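See structure below.
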Amino acid sequence: MILGLFDSGLGGLTVLKEIINKCAYEKIIYLGDTKRLPYGEKSKEELLDIAKDNIDFLISKNVDEIVVACGTVSSNVLEDLKKIYDIKIIGIIDVLCKGAIKETKNNKIGVIATSSTISTHIFKDKLDNYEVYEMACPLFTPLIEKGMIDSKEMDEAIDSYLKPLKEKEIDTLIFGCTHYPLLKEKIKKYFDYPINLINAGEYILDELENKEIKNSLLEFYTSGNEKEFEENSKRFLDIDIDAMKKE
Ligand code: DGL
């Protein structure tokens with residue numbers, strides 16, 4: 001069995017990182033669509049076209065299942081994609097919701113994600129028995145992709161996006177965008193009380209067919225610059241990778 005994952009860029013590697021060596025696919029193929037990054041401000045129509053192009057590419061590489069390792073595509077067009085394709089397609093929204101339900105004690109859940117994701121209010125709808133506070137964080141992905149995690153710009157962005165959630169005393173925060181787990185340590189520090197951080201990668205194994213531990217072959221593609229992708233991936237994964245070009 002071959003598993004395919006895709007995201008706008010490097011963010012989906014936070015999902016890949018959690019499943020490497022934990023499931024029995026003979027091969028895992030990752031596609032980072034860096035040429036079209038960011039997805040976070042795109043319309044539903046654009047996202048559907050992009051997702052179809054990425055899925056067609058992964059199918060051409062003979063994948064058996066696909067993980068949409070992107071909150072923006074999962075929240076906007078997952079149901080449309082499931083209607084178009086016969087192949088199993090797994091999104092991250094339900095996975096994140098299940099994680100948050102498991103962890104919250106005070107039923108106050110924060111969601112941070114891209115503007116396109118937040119505009120769907122999908123988390124509020126799915127978690128309708130909980131107090132859900134949503135916040136679009138448009139500056140996070142570009143700063144993360146540029147490697148500016150430890151910067152004044154990032155600290156200011158964290159303060160302005162997370163202050164309202166801290167004031168609501170949420171005990172659980174959903175990373176609705178797969179780039180955001182890279183901010184885990186900073187965000188933990190920002191909340192001066194213990195908070196559960198919900199990362200799709202940590203909860204997605206339940207959705208995958210096979211959970212035996214095995215070393216899968218890994219293959220990486222990017223629509224952007226291969227060398228940049230390889231270099232930047234080091235911030236997300238502990239292994240050196242070779243990236244191939246998706247034309
Ligand atoms: N990592 C993506 C997500 O989960 C997309 C971020 C972006 O490209 O704006 O939403």
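Side chains included, hydrogens not; waters and symmetry mates left out as well; all remaining heavy atoms used. In listed order, ligands and their atoms are each counted from 1. Please read these numbers as outputs of a predicted model, since none were measured by experiment.
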Residues Glu207 and Lys98 bridged, charged N to O under 4.0 Å: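 Salt bridge between Glu207 and Lys98, a charged N being under 4.0 Å from a carboxylate O: yes.
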Note: Arg36-Asp33 ion pair, threshold 4.0 Å (strictly below): yes
Which atom pairs, donor and acceptor, lie under 3.5 Å between side-chain atoms of residues 236-247 and protein residues at least two apart or in another chain?
{"residue": "Lys245", "atom": "NZ", "partner": "Ser223", "partner atom": "O", "Å": "3.2"}
{"residue": "Lys245", "atom": "NZ", "partner": "Gly224", "partner atom": "O", "Å": "2.8"}
{"residue": "Lys246", "atom": "NZ", "partner": "Asp53", "partner atom": "OD2", "Å": "2.8"}

Could you pull out every donor-acceptor pair under 3.5 Å between side chains of residues 135-143 and any protein atom, sequence neighbours left out?
none

Ring-face cation of Lys166 near Tyr190 (centre distance under 6.0 Å, axis angle within 45°): yes
Near ligand 1, at a heavy-atom separation below 4.0 Å: residues by chain and residue number: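 Asp7, Ser8, Pro38, Tyr39, Gly40, Cys70, Gly71, Thr72, Thr114, Thr141, Cys177, Thr178, His179.
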Contacts table for residues 197-204: side-chain donor-acceptor under 3.5 angstrom, sequence neighbours left out:
{"residue": "Asn199", "atom": "OD1", "partner": "Gly201", "partner atom": "N", "Å": "3.1"}
{"residue": "Tyr203", "atom": "OH", "partner": "Glu103", "partner atom": "OE2", "Å": "3.0"}

